[in-house]
Engineer: 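Have a look at this one before I ask anything.
The structure displayed is predicted, hence computed values, not measured ones. All chains are named by letter (A, B, ...) in the order of the sequence lines, taking the proteins before the strands, and each is independently numbered beginning at 1.
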Amino acid sequence: MIEVILPDGAKRQLVSGSTGTALATNISKSLAKKAIAIKQNGKLVDLALELTDGAAVEIITIDSPEALELLRHDCAHVLAEAVQELFPGTQVTIGPAIENGFYYDFAREQPFTPYDLEIIQKRMKEIIDRNEAFIREEWDRQEAIKFFESKGEVYKAELIQDLPESETISIYRQGEWLDLCRGPHMPSTGWVGAAFKLMSVAGAYWRGDHRNAMLQRIYGTVWRSEKELAAHLTMLEEAEKRDHRRLGREMDLFHLQEEAAGSIFWHAKGWTLYRQIEAYMRHRLEGAGYFEVKTPQLVDRALWEASGHWDKFRENMFTAETEDERILALKPMNCPCHVQIFRQGLKSYRELPMRMAEFGSCHRNEPSGSLHGIMRVRAFTQDDAHIFATENQITSECKEFCDLLLSIYEDFGFTEVRVKFSDRPDVRAGEDSVWDKAETALMDAVNASGLEFELNPGEGAFYGPKLEFVLRDAIGRDWQCGTFQVDFVLPERLGATYVGEDSQRHTPVMLHRAILGSFERFIGILIENYAGRLPIWLAPVQVTVATIVSDADQYAREVFNQLKAAGIRAEIDLRNEKINYKVREHSLAKTPIMLVVGRREAIEGTVAVRKLGVKEQETLALSEAISRLQIEAKMPIGL
RNA sequence: GCCGGCGUAGCUCAGUGGUAGAGCAACUGAUUCGUAAUCAGUAGGUCCCCAGUUCAAAUCUGGGCGCCGGCACCA
């Protein structure tokens, strides 16, 4: 007999050799029907596995949170079987579960077409209907390699070759087909059900390395029920509607065109939004003790060689040649330029920390395939700043920065922020003692700020550890925006020094930091987060005055003039159109407030206030409406 | 950069070798209307670019550019 412990602490005796299936049946028939796996001592295993004496076990059913990952991975296996049945000679590689679904990477000469996906999907249904049991086998390593090599599966053979010696080589069979797999799996293919869909084919490098062969990756999504699948597909459609590229056009904010790939043509409304953000940031930085500078766009390569960027990023830098054959580079970053300003004149420790900010316009020749709307462009503006400080100012500067960053994110409507702490990479500059100091200071600082953070080991910059700030948007997507980096290398390389209390020269620490990241990308994120319905302080047009009849034109102009005088960004719509039509148009344009005026309002000196998305209106005296709007539309800078 | 798909009116798309189309938007006229589409009419195209095949190319072939979905990259 063996004894296992259930999640509620209850103990259950079973005959030796009992499996998870036996346990589930032992507990109840209905549970056995829904059981798909076992969690034994915290590890997911097959239902068919023999339980060990004294183990803490939990029955995983199709409704358990853990089930989705199994479901998705199983679906990937079904996909692989379908593909190999339909396209003999195709090699399988790996096929994991991912968020919302799964993928499988295949090696095949001919590309899969959208039509192929339909055929594959049909075959998958058949395989699921066959309800073949997933059967685990453990193989000898060398035999497994031989087996896969004999089948021409060189990728699988390579995978086994590279598995650590300690690892058991497990194979899962489903009917005639089998795959190398760690497991676990659900009892049979039937459990995958019908709520799946193949989504797309894409290229992907073998083992994520661009020097390797390109495989074909088929993406799919799978859910417990048709209803969940439908909800997921609806969510995708909704996400598409808030795509910043689409809204940018619909709201007349910006456009992109071939002749300037990767650079943005800002239209009047988009530029108004941009300027609002810039003005807001300028206020916040000023309040936080920064001063603003502006540095050159074109800088001789000599400076980039000195900073080390020429070596590393030459391929991605735009250059221009002068008549006397000097090579200038369009600046890809601002740091070296800021050091030049710092180096002007002798600096005292009394001047530190020195917080130098720039809305730095940068150019990087990003790979063509990486461009994406206004989120990833070749010409962008960082809300950049460098804090020149002494080593023992790092902690306080970092804490102040975190406070500033969180407060700014909150003003933009982002309250869910995650922090990643990236420490020393294998290849790095600087003594370990300096790294110890930098990491400790940063760690103290992030602790002092009260922020939760996760470790990102080895992901720091080559010159120092960094914090990365990731914000979550309204539909749960994460965006990395802010950064805070401790740098001991660049000031040294570029010869920045200050005179300390001891009247000796010292090298300052340079703290690289950004909050928005880039204006362009951040605006893209804002648009998608708000689905275009920007908070009133950011909206390019805050208020539209719309008339119902032309008799109200004169009064509408008066309303409009008073709004302008009150500093509100207003528009006026005197067109001879029905009010329904105007309401619809301005709602689609996502203008936050409409002031509707007809004969009644003109006579009474009032306005009907209609807020975007709200059917009910409120009629207010004009002066009252304006003073309320003035407060509502105000930039959150505490003035 | 790599793999695949796509490129026709401002937008969404139809058109597969023989006269370039629809809906919406735009413009003009009429309509003066109370909170998400008034009616009628008009105009709008280098069918991404460059070569080639053909009597004839939006359509077929080759090259280029751009965009989209991924991968890789992201100081």
Side-chain angles (χ1 to χ4, degrees), chain A residues 103 105 108 110-114 116-117 199-219 240 243 245-246 249-250 252 255-262 304 307-317 331-336 362 364-373 375-378 380 382 384 461-463 466 480 483 485 487 489-490 512 514 517-518 521 546-553 574-589 594-601 608-617 619:
Chain A
Y103 67 76
D105 285 348
R108 176 179 181 242
Q110 260 186 297
F112 291 113
T113 65
D116 291 339
L117 287 194
M199 304 297 283
S200 60
V201 193
Y205 296 107
W206 166 236
R207 297 191 149 175
D209 189 327
H210 67 98
R211 290 165 301 192
N212 289 341
M214 179 141 292
L215 307 171
Q216 292 187 67
R217 176 172 296 179
I218 297 180
Y219 281 96
E240 205 180 306
D243 188 307
R245 292 165 295 193
R246 175 179 173 151
R249 186 182 62 235
E250 287 175 2
D252 194 18
H255 84 270
L256 298 154
Q257 67 184 53
E258 262 189 62
E259 289 78 0
W304 307 110
S307 70
H309 291 103
W310 188 264
D311 247 13
K312 263 189 129 80
F313 297 108
R314 203 235 162 303
E315 293 294 302
N316 299 314
M317 287 165 72
K331 75 170 164 187
M333 51 171 0
N334 311 295
C335 342
C362 295
R364 294 179 188 172
N365 194 3
E366 303 286 6
S368 55
S370 68
L371 300 180
H372 179 86
M375 299 277 206
R376 182 96 181 256
V377 286
R378 292 191 171 131
F380 56 94
Q382 296 174 317
D384 203 4
F462 77 96
Y463 49 72
K466 63 177 176 182
Q480 188 185 311
T483 182
Q485 307 172 8
D487 178 6
V489 175
L490 210 55
H512 305 244
S518 92
R521 181 157 174 277
T547 51
I548 297 170
V549 291
S550 53
D551 285 351
D553 285 4
L574 301 177
R575 290 173 306 168
N576 178 14
E577 295 289 352
K578 289 189 171 176
I579 193 60
N580 287 23
Y581 182 83
K582 294 187 184 182
V583 166
R584 180 181 153 81
E585 271 213 333
H586 298 295
S587 298
L588 288 175
M594 274 187 86
L595 296 185
V596 176
V597 295
R599 282 200 195 90
R600 216 153 56 215
E601 288 78 8
V609 183
R610 188 188 210 277
K611 297 196 174 174
L612 181 58
V614 181
K615 242 187 135 69
E616 298 73 42
Q617 313 107 47
T619 301

Engineer: Identify whether any heavy atom of A/Arg600 sits under 4.0 Å from a base atom; if not, whether one sits that close to sugar-phosphate; answer base, sugar-phosphate or nothing.
Structural biologist: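 Counting heavy atoms under 4.0 Å across all strands, the contact made by A/Arg600 includes a base.
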
Engineer: Tell me, yes or no, whether the heavy-atom count around A/Glu240 atom CD, taken from other residues, nucleotides or ligands under 6.0 Å, exceeds 12.
Structural biologist: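 12 or below, so no.
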
Engineer: Of A/Val596 and A/Met333, whose closest RNA chain B nucleotide lies nearer the 5' terminus?
Structural biologist: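 Nearest-nucleotide comparison on RNA chain B picks A/Val596.
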
Engineer: Could you work out the separation of B/C27 and B/G18 based on their C1' atoms and round it to a whole Å?
Structural biologist: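 Between the two C1' atoms, the distance is 34 Å.
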
Engineer: Once you round it to whole Å, what is the distance between P of B/A75 and CH2 of A/Trp310?
Structural biologist: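 About 19 Å, once rounded to whole Å.
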
Engineer: Check each of A/Val597, A/Ile548, A/Thr547 against A/Ile579 using the side-chain contact (heavy atoms from CB on, under 4.5 Å) test, and report the only one that passes.
Structural biologist: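 For A/Ile579, the side-chain contact (heavy atoms from CB on, under 4.5 Å) check succeeds only for A/Ile548.
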
Engineer: Answer with base, sugar-phosphate or nothing: what part of the nucleic acid does A/Ala608 contact at a heavy-atom distance below 4.0 Å?
Structural biologist: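 Base contact.
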
Engineer: Residues two or more places apart in sequence or in another chain: which of them pass salt bridge (Lys or Arg N to Asp or Glu O under 4.0 Å) with A/Glu601?
Structural biologist: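 None.
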
Engineer: Between B/A37 and B/A26, how many Å separate the two C1' atoms, rounded to a whole number?
Structural biologist: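 Per the computed distance, 16 Å lies between those C1' atoms.
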
Engineer: Please give the distance between the P atoms of B/C47 and B/G10 as a whole number of Å.
Structural biologist: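 Pairwise P distance, B/C47 against B/G10, rounds to 12 Å.
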
Engineer: Using a cut-off of strictly less than 4.0 Å, decide whether A/His372 has a side-chain nitrogen or oxygen near OP1 or OP2 of B/G70.
Structural biologist: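 For A/His372, the contact criterion (side-chain N or O under 4.0 Å from OP1 or OP2 of B/G70) is not met.
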
Engineer: Quickly, which of A/Glu585, A/His586, A/Arg584 forms a side-chain contact (heavy atoms from CB on, under 4.5 Å) with A/Leu588? Name it, please.
Structural biologist: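 For A/Leu588, the side-chain contact (heavy atoms from CB on, under 4.5 Å) test succeeds with only one of A/Glu585, A/His586, A/Arg584, which is A/Arg584.
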
Engineer: Would you mind reading off the distance between A/His255 atom NE2 and B/C11 atom P, rounded to a whole angstrom?
Structural biologist: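 Answer to the nearest Å: 11 Å.
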
Engineer: At less than 3.5 Å, do the side-chain atoms of A/Glu366 and the base atoms of B/G1 form a donor-acceptor pair?
Structural biologist: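 No, the side chain and the base share no sub-3.5 Å donor-acceptor pair.
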
Engineer: What contact category does A/Asp551 fall into here, base, sugar-phosphate, or nothing, at under 4.0 angstrom with non-hydrogen atoms?
Structural biologist: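 No contact.
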
Engineer: Partner of B/C39 by Watson-Crick or G-U wobble geometry, both contacts under 3.5 Å, or none?
Structural biologist: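 Base-paired to B/G29.
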
Engineer: I'd like the P distance from B/G5 over to B/C74, given in whole Å.
Structural biologist: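 28 Å, rounded to whole Å.
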
Engineer: Expressed in whole Å, how much space separates the C1' atoms belonging to B/U8 and B/A20?
Structural biologist: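 Pairwise C1' distance, B/U8 against B/A20, rounds to 8 Å.
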
Engineer: Taking B/G15 as the reference, what is the distance to B/A30 when you measure between their C1' atoms (whole Å, please)?
Structural biologist: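 To the nearest whole Å, 36 Å.
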
Engineer: Is the shortest side-chain N/O distance from A/Lys615 to OP1 or OP2 of B/A36 below 4.0 Å?
Structural biologist: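 Checking B/A36 against A/Lys615, a side-chain N or O does come within under 4.0 Å of OP1 or OP2.
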
Engineer: To the nearest 0.5 Å, how far apart are NE2 in A/His512 and CD in A/Gln382?
Structural biologist: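 The NE2 atom of A/His512 sits 11.0 Å away from the CD atom of A/Gln382.
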
Engineer: For the side chain of A/Leu612, starting at C-beta, report the closest nucleotide among B/C33, B/A36, B/C3.
Structural biologist: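 It is B/A36.
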
Engineer: Provide a list of protein-nucleic acid N or O atom pairs under 3.5 angstrom, restricted to nucleotides 63-67 of chain B.
Structural biologist:
unit_1: B/C65; atom_1: O2'; unit_2: A/Glu258; atom_2: OE1; d: 3.2

Engineer: Rounded to the nearest Å, what distance is computed from the CG atom of residue A/Asn316 to the P atom of nucleotide B/A75?
Structural biologist: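 Checked: the CG to P distance equals 10 Å.
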
Engineer: For B/G34, does either OP1 or OP2 sit under 4.0 Å from a side-chain N or O belonging to A/Arg610?
Structural biologist: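 Answer is no, no contact under 4.0 Å.
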
Engineer: Measure the spacing between OG of A/Ser370 and CZ of A/Arg378 and express it to the nearest 0.5 Å.
Structural biologist: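 Taking OG in A/Ser370 and CZ in A/Arg378, the distance rounds to 7.0 Å.
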
Engineer: How close do A/Gln110 and A/Gln216 get, counting heavy atoms only, and between which atoms?
Structural biologist: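 Scanning both residues, the minimum pair turns out to be O-NE2, 2.8 Å.
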
Engineer: Can you tell me the pairing partner of B/C11 across any strand shown, Watson-Crick or G-U wobble, with both distances under 3.5 angstrom?
Structural biologist: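 The answer is B/G23, by the H-bond criterion.
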
Engineer: For A/Ile548, which contact category applies under a 4.0 Å heavy-atom criterion: base, sugar-phosphate, or nothing?
Structural biologist: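 Base contact.
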
Engineer: Any Lys/Arg nitrogen of A/Asp209 or A/Arg207 sitting under 4.0 Å from an Asp/Glu carboxylate oxygen of the other?
Structural biologist: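 Result for this pair is no, no salt bridge flagged.
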
Engineer: Which nucleotide, in any strand shown, forms a Watson-Crick or G-U wobble pair with B/U46, with both distances under 3.5 Å?
Structural biologist: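 Checking every strand shown, B/U46 finds no partner, since no pair has both distances under 3.5 Å.
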
Engineer: Are there any protein N/O atoms within less than 3.5 Å of an N/O atom in nucleotides 25-27 of chain B, and if so, which ones and at what distance?
Structural biologist:
none

Engineer: Taking any heavy-atom pair under 4.0 Å as a contact, classify A/Ala204: base, sugar-phosphate, or nothing.
Structural biologist: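 Since only primed, P, OP1 and OP2 atoms lie under 4.0 Å of A/Ala204, the category is sugar-phosphate.
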
Engineer: Atom CG in A/Leu215, atom CH2 in A/Trp206: separation rounded to 0.5 Å?
Structural biologist: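 If we round to the nearest 0.5 Å, A/Leu215:CG and A/Trp206:CH2 are 7.0 Å apart.
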
Engineer: Please state whether the base of B/U31 and the side chain of A/Asn576 form at least one donor-acceptor pair under 3.5 Å?
Structural biologist: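 Answer yes: a donor N or O sits under 3.5 Å from an acceptor.
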
Engineer: If you count the non-hydrogen atoms of other residues, nucleotides and ligands that lie under 6.0 Å from CD in A/Glu315, is the total more than 12?
Structural biologist: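 Atom CD in A/Glu315 is not crowded, with 12 or fewer foreign heavy atoms closer than 6.0 Å.
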
Engineer: Flag as yes if A/Tyr219 stacks onto the base of B/G70 (centroids under 5.5 Å, planes under 30°), otherwise no.
Structural biologist: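 Answer is no, no stack.
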
Engineer: Would you compute the distance between atom OG of A/Ser550 and atom CG of A/Leu574 and round it to the nearest 0.5 angstrom?
Structural biologist: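 That separation rounds to 9.5 Å.
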
Engineer: Check every strand shown and say whether A/Leu588 touches a base, only sugar-phosphate, or nothing at a heavy-atom separation below 4.0 Å.
Structural biologist: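 If one applies the 4.0 Å heavy-atom cut-off, A/Leu588 turns out to touch a base.
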
Engineer: Is any side-chain N or O of A/Arg376 under 3.5 Å from a base N or O of B/C74, one able to act as donor and the other as acceptor?
Structural biologist: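 For A/Arg376, whose side chain was compared with the base of B/C74, there is a donor-acceptor pair (under 3.5 Å).
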
Engineer: Nearest of B/A36, B/C3, B/U32 to any side-chain atom of A/Met214?
Structural biologist: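 Of B/A36, B/C3, B/U32, B/C3 is nearest to the side chain of A/Met214.
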
Engineer: Angle class for the A/His309/A/Trp304 ring planes (parallel below 30°, perpendicular above 60°, tilted otherwise)?
Structural biologist: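 The arrangement is perpendicular - the two ring planes meet at more than 60°.
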
Engineer: Can you check the A/Leu117 CG to B/G69 C1' distance for me, whole Å?
Structural biologist: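 Atom CG in A/Leu117 sits about 12 Å away from atom C1' in B/G69.
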
Engineer: Answer with base, sugar-phosphate or nothing: what part of the nucleic acid does A/Pro332 contact at a heavy-atom distance below 4.0 Å?
Structural biologist: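 Base, at least one base heavy atom under 4.0 Å.
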
Engineer: Send over the distance from A/Gln216 CD to B/G5 C1', rounded to a whole Å.
Structural biologist: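 It works out to 12 Å between those atoms.
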
Engineer: Using the C1' atom in both, what is the distance from B/C55 to B/A14, to the nearest Å?
Structural biologist: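 It works out to 28 Å between them.
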
Engineer: Return yes if the base of B/G1 and the side-chain atoms of A/Tyr205 contain a donor-acceptor N/O pair under 3.5 Å, otherwise no.
Structural biologist: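 Check passes, donor-acceptor contact within cut-off.
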
Engineer: What's the closest nucleotide to the side chain of A/Ile579 if the choices are B/A75, B/C73, B/G34?
Structural biologist: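 Closest nucleotide among those given: B/G34.
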
Engineer: At 4.0 Å (heavy atoms only), tell me whether A/Gly308 reaches a base, stays on the sugar-phosphate, or touches nothing.
Structural biologist: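 Nothing, no heavy atom under 4.0 Å.
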
Engineer: With the side chain of A/Arg599 defined as its heavy atoms from C-beta on, choose the nearest nucleotide among B/C33, B/A36, B/A72.
Structural biologist: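 Per side-chain heavy atoms of A/Arg599, the pick is B/C33.
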
Engineer: Nearest 0.5 Å please: distance from the CD atom of A/Gln485 over to the CG atom of A/Leu490.
Structural biologist: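 One finds 11.0 Å between CD of A/Gln485 and CG of A/Leu490.
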
Engineer: Please give the distance between the C1' atoms of B/C73 and B/G23 as a whole number of Å.
Structural biologist: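 B/C73 and B/G23 have their C1' atoms separated by 42 Å.
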
Engineer: What distance do A/Leu256 atom CG and A/His372 atom NE2 have between them, rounded to the nearest 0.5 Å?
Structural biologist: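 Rounded to the nearest 0.5 Å, the CG-NE2 separation comes out at 10.5 Å.
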
Engineer: Using purine N1 to pyrimidine N3 plus N6-O4 or O6-N4 for Watson-Crick, or N1-O2 and O6-N3 for G-U wobble, each under 3.5 Å, what pairs with B/C71?
Structural biologist: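 Checking every strand shown, B/C71 finds its partner in B/G1, with both distances under 3.5 Å.
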
Engineer: In the structure shown, which nucleotide is the Watson-Crick or G-U wobble counterpart of B/C55, with both distances under 3.5 Å?
Structural biologist: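 Result: B/G18.
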
Engineer: With heavy atoms under 4.0 Å as the rule, sort A/Lys312 into base, sugar-phosphate or nothing.
Structural biologist: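 No contact at all - A/Lys312 keeps every heavy atom at 4.0 Å or more from the nucleic acid.
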
Engineer: How would you label the contact of A/Glu315 with the nucleic acid (heavy atoms, under 4.0 Å): base, sugar-phosphate, or nothing?
Structural biologist: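 Here A/Glu315 touches no strand at all.
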
Engineer: How long is the line joining CE of A/Met317 and C1' of B/C73, in whole Å?
Structural biologist: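 Rounded to whole Å, this separation is 17 Å.
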
Engineer: Establish, with yes or no, whether the OP1 or OP2 oxygen of B/C71 is under 4.0 angstrom from a side-chain nitrogen or oxygen of A/Arg207.
Structural biologist: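 Looking at the OP1 and OP2 atoms of B/C71, neither is under 4.0 Å from any side-chain N or O of A/Arg207.
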
